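If you're wondering where the values come from, they're calculated on a predicted model, not measured in any experiment. Within every chain, numbering begins at 1; the chains are lettered A, B, ... in the order of the sequence lines, protein sequences first and strands thereafter.
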Number of protein chains: 2
Amino acid sequence: MPHAEMNAGAGVTGPSPWDQAVDRIRAGGLRWTPQRRTLIEVLREREGHVTATELIARCRERDQTTTPSTVYRTLDLLEDLGLVRHGHGHDGREEYHILPQEVHGHLYCVGCGTTWELRPETGAVIVEALASQLGFSVDLSHVTISGRCAGCHD
Amino acid sequence: MPHAEMNAGAGVTGPSPWDQAVDRIRAGGLRWTPQRRTLIEVLREREGHVTATELIARCRERDQTTTPSTVYRTLDLLEDLGLVRHGHGHDGREEYHILPQEVHGHLYCVGCGTTWELRPETGAVIVEALASQLGFSVDLSHVTISGRCAGCHD
DNA sequence: GTCCGGGCCGCAATGTGTTGCAATAGCGAA
DNA sequence: TTCGCTATTGCAACACATTGCGGCCCGGAC
């Protein structure tokens, strides 16, 4: 029985990290469950940022019996594997960054409500400033900076 | 009947902003209530950062009947008056900054759990970087940056 | 001193995130 | 294939934050 996922394009650029998820999970003596499968299916269809609430809703579309606690715990697990990262949006709600190819911070505009990713070179300025002045090593992935974007100056 | 608060040291450095709170509130047609009095008494004993939860607990020490909703609404009111500012801590919980003399961001160390205020000159670097590169004007008061402090590098 | 209007309080309900616990079920071993 | 260990689930309860609403009481008017 052919199964599309079994030969997921393992090209020169590398296979989708999600394809390794099953093995990575099992490698730690952890288990591959339907609930985890559902969440990962949802995640691989999306990119960028998602709120926990949205993920729960999408999982429930596929599996009515999805419970929040399971989703949160699975997300914790995936974060340990580096497949997602969580941060807090401008209002303090949990936000998950899917497949962070590179660690980045976020900007939130209180004017238009948009969220942008912080460009690496801009983030670097912040990281370096704090490192040199205070010896503080920033974890950019957890940073959301509020303010007003260029188009929203009152 | 002498009342200590009536002549609170209005010296050259200016009276405590809290002393003006009553008038500021009344000036807007708003009311001076026992609940608001309790919260302000709690606030004036503290400085720096407090979580909403802690404030509620301290209010309850003085007044068993304190309810969360009242505290949150009073804090909103005080924020309008500029007496407090709220932000989100590293874990997304509400944190209130008492009497922000100057707007400042925060650093949180995931190693030791300490929170520091961001020195103005360091904050300025961040503000300027984002302003010049992206035209984004940062509201530092709402920023909490996570990472590891100098003493916690694994 | 009393009245009256509207701001405010406390309750209750909702949404979001977290945790303890008993029962379930994945998966390696026999 | 069956067994057994234990990771994981789902429930329930809790914690924090927020909001709507009926009734209360602050404070100015008389």
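The shortest distance between the side-chain N/O atoms of Thr51(B) and the OP1/OP2 oxygens of dA17(D) is not below 4.0 Å. Arg26(A) has a side-chain polar atom (N or O) that falls below the 4.0 Å cut-off from OP1 or OP2 of dC27(C). For dG10(D), the OP1/OP2 oxygens have a side-chain nitrogen or oxygen of Gln35(A) closer than 4.0 Å. An OP1 or OP2 oxygen of dG10(C) is reached within less than 4.0 angstrom by a side-chain nitrogen or oxygen of Thr70(B).
A donor and an acceptor atom, one from each side chain of Ser69(B) and Arg73(B), are located under 3.5 Å apart. With hydrogens and angles left out, the side-chain atoms of His88(A) and Glu95(A) include no donor and acceptor closer than 3.5 Å. Between the side chains of Thr122(A) and Gln133(B), a donor-acceptor pair is found at a separation under 3.5 Å.
Taking the side chain of Leu30(A) as heavy atoms from C-beta on, and the options dC8(C), dT18(D), dA7(D), the nearest nucleotide is dA7(D). With dC8(C), dT18(C), dA17(D) as the candidates, the nucleotide lying closest to the side chain of Tyr72(A) is dT18(C). Here the nucleotide nearest the side chain of Glu94(B), chosen from dC27(C), dT18(D), dG17(C), is dT18(D).
Judged by closest nucleotide on DNA chain D, Thr74(A) is the one of Thr74(A) and Ile56(B) placed further toward the 5' end. Judged by closest nucleotide on DNA chain C, Arg31(B) is the one of Arg31(B) and Thr67(B) placed further toward the 5' end.
Side-chain N/O atoms of Arg73(A) and base N/O atoms of dG10(D) include a donor-acceptor pair closer than 3.5 Å.
In this structure, Arg93(B) reaches the sugar-phosphate backbone alone: every heavy-atom distance under 4.0 Å involves primed, P, OP1 or OP2 atoms, never a base. Residue Arg36(A) is in sugar-phosphate contact alone, with no base atom involved, counting any heavy-atom pair closer than 4.0 Å across all strands shown. Among the heavy atoms of the strands lying under 4.0 Å from Ser69(B) is at least one base atom, whether or not backbone atoms are also near. At a threshold of 4.0 angstrom between heavy atoms, the contacts of Thr33(A) are confined to the sugar-phosphate backbone, with no base atom among them.
Distance NE2 (His86(A)) to P (dT18(C)): 7 Å, rounded to an integer number of Å. Between the CG atom of Leu55(A) and the C1' atom of dG15(C) there is a distance of 16 Å, rounded to whole Å. Between Leu39(A) atom CG and dT8(D) atom C1' the separation is 14 Å, expressed in whole Å. Put simply, CG on Leu75(A) is 14 Å from C1' on dT16(C), counting in whole angstrom units. Rounded to an integer number of Å, the gap from Arg60(A) CZ to dT16(C) P is 11 Å. Gln64(A) has its CD atom 13 Å from the P atom of dC11(D), to the nearest Å. Distance CG (Asp76(A)) to C1' (dT9(D)): 15 Å, rounded to an integer number of Å. dG27(D) atom C1' lies 14 Å from atom CD1 of Ile25(B), rounded to whole Å.
In this structure, Arg37(A) does not pair ionically with Asp63(A), as no charged nitrogen and carboxylate oxygen lie closer than 4.0 Å. Contact check on Glu45(B) versus Arg58(B) returns no salt bridge, with no Lys/Arg side-chain nitrogen under 4.0 Å from an Asp/Glu carboxylate oxygen.
Side-chain atoms of Gln35(B) never come within 3.5 Å of backbone atoms of Val71(B) as a donor-acceptor pair (strictly under, hydrogens ignored).
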